[in-house]
Amino acid sequence: MPSEPPSRRAASTPIRVLVVADDPVLRDAARRELSPGFELLPANTFNLALPLLDVEPSPAAILIDLGLADVKGSADFLATLVERDYPGPRILLSNKFRPEEAATLSQASIIHFALASPWAAGELRAFVEAALGFRPFPGALHAI
């Protein structure tokens, strides 16, 4: 069953973001960027991330590091999100993206977004808030 959108959750309920990354530096950077205001659910493999989809309240967004050692599992994980009707945005992170490529990928979808890593200070927070509909996308990024 799809989760309730974050805008309809009680003010006291944390907005959870699932972070699937095996790089502790990336997870720490995400924690710094998204604190306060978001509760991070870290998982360093796709198998560990799956049960976190069922916690209540469910994650409002998912950050997926495409540099994960199990990068081949990303396609299966994304397919599982579709099968489960996961309603939140999926934000793909990669140090292989150039900012222009990430912008193009983000403009092509309303649920899949791309952000080049490392990102500039404040960029991840602005990006997550925009993907959740809390603010417009930074710069030239616009979801369609």
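Computation of the quantities below employed the complete heavy-atom set of this structure, encompassing side-chain atoms and omitting hydrogens, waters and symmetry-equivalent molecules.
For the pair Asp76/Phe46, no side-chain contact is recorded, criterion being any heavy-atom separation below 4.5 Å from C-beta on. Between Leu92 and Asp65 there is no side-chain heavy-atom pair separated by less than 4.5 Å. No side-chain heavy atom of Val19 sits less than 4.5 Å from a side-chain heavy atom of Leu41. Side-chain contact check for Ile62 versus Ile91: every heavy-atom pair is 4.5 Å or farther apart.
Within the structure, every pair that satisfies the side-chain hydrogen bond (donor to acceptor under 3.5 Å, both in side chains) test and touches residues 42-55, not counting sequence neighbours, is listed here: Asp54-Arg84.
In plain terms, the two heavy atoms of Leu52 and Pro42 that are nearest each other are CD1-O, 3.8 Å. In this structure, Asp22 and Ala69 approach most closely via the heavy-atom pair OD2-N, 2.9 Å. The shortest heavy-atom contact between Pro59 and Tyr86 is O-OH, 3.0 Å. The two residues Pro89 and Ala60 have their closest heavy-atom pair at CD-O, 3.2 Å.
One distance of note links CD of Glu123 with CG of Leu115; it measures 5.0 Å at 0.5 Å rounding.
When each of Leu68, Leu26, Val20 is tested with Leu93 by the rule side chain to side chain contact (heavy atoms under 4.5 Å, CB included), just one qualifies, namely Leu26.
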- Task: Under the side chain to side chain contact (heavy atoms under 4.5 Å, CB included) rule, what do Leu18 and Ile64 come out as? Steps first, then yes or no, please.
- Result: CA-CA 8 Å; Leu18 174 57; Ile64 302 169; over 6 Å; no

- Message: One pair to check against side chain to side chain contact (heavy atoms under 4.5 Å, CB included): Ser58 and Leu53. What are the steps and the verdict?
- Response: CA-CA 6 Å; Ser58 63; Leu53 294 171; over 6 Å; no

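The same ILVMFWY cluster, assembled from side-chain heavy atoms under 4.5 Å apart, contains both Val55 and Phe77. There is a path of hydrophobic side-chain contacts, each under 4.5 Å, that joins Phe134 to Leu63.
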Pairs under 3.5 angstrom only: tabulate donor-acceptor contacts from the side chains of residues 30-40 to other protein residues two or more places apart or in another chain.
| from | atom 1 | to | atom 2 | distance (Å) |
| --- | --- | --- | --- | --- |
| Arg31 | NH1 | Asp28 | OD1 | 2.9 |
| Glu33 | OE1 | Gly122 | N | 3.1 |
| Glu33 | OE1 | Leu124 | N | 3.4 |
| Glu33 | OE1 | Arg125 | N | 3.4 |
| Glu33 | OE2 | Gly122 | N | 2.9 |
| Ser35 | OG | Arg31 | O | 2.9 |
| Glu39 | OE1 | Arg16 | NE | 3.0 |

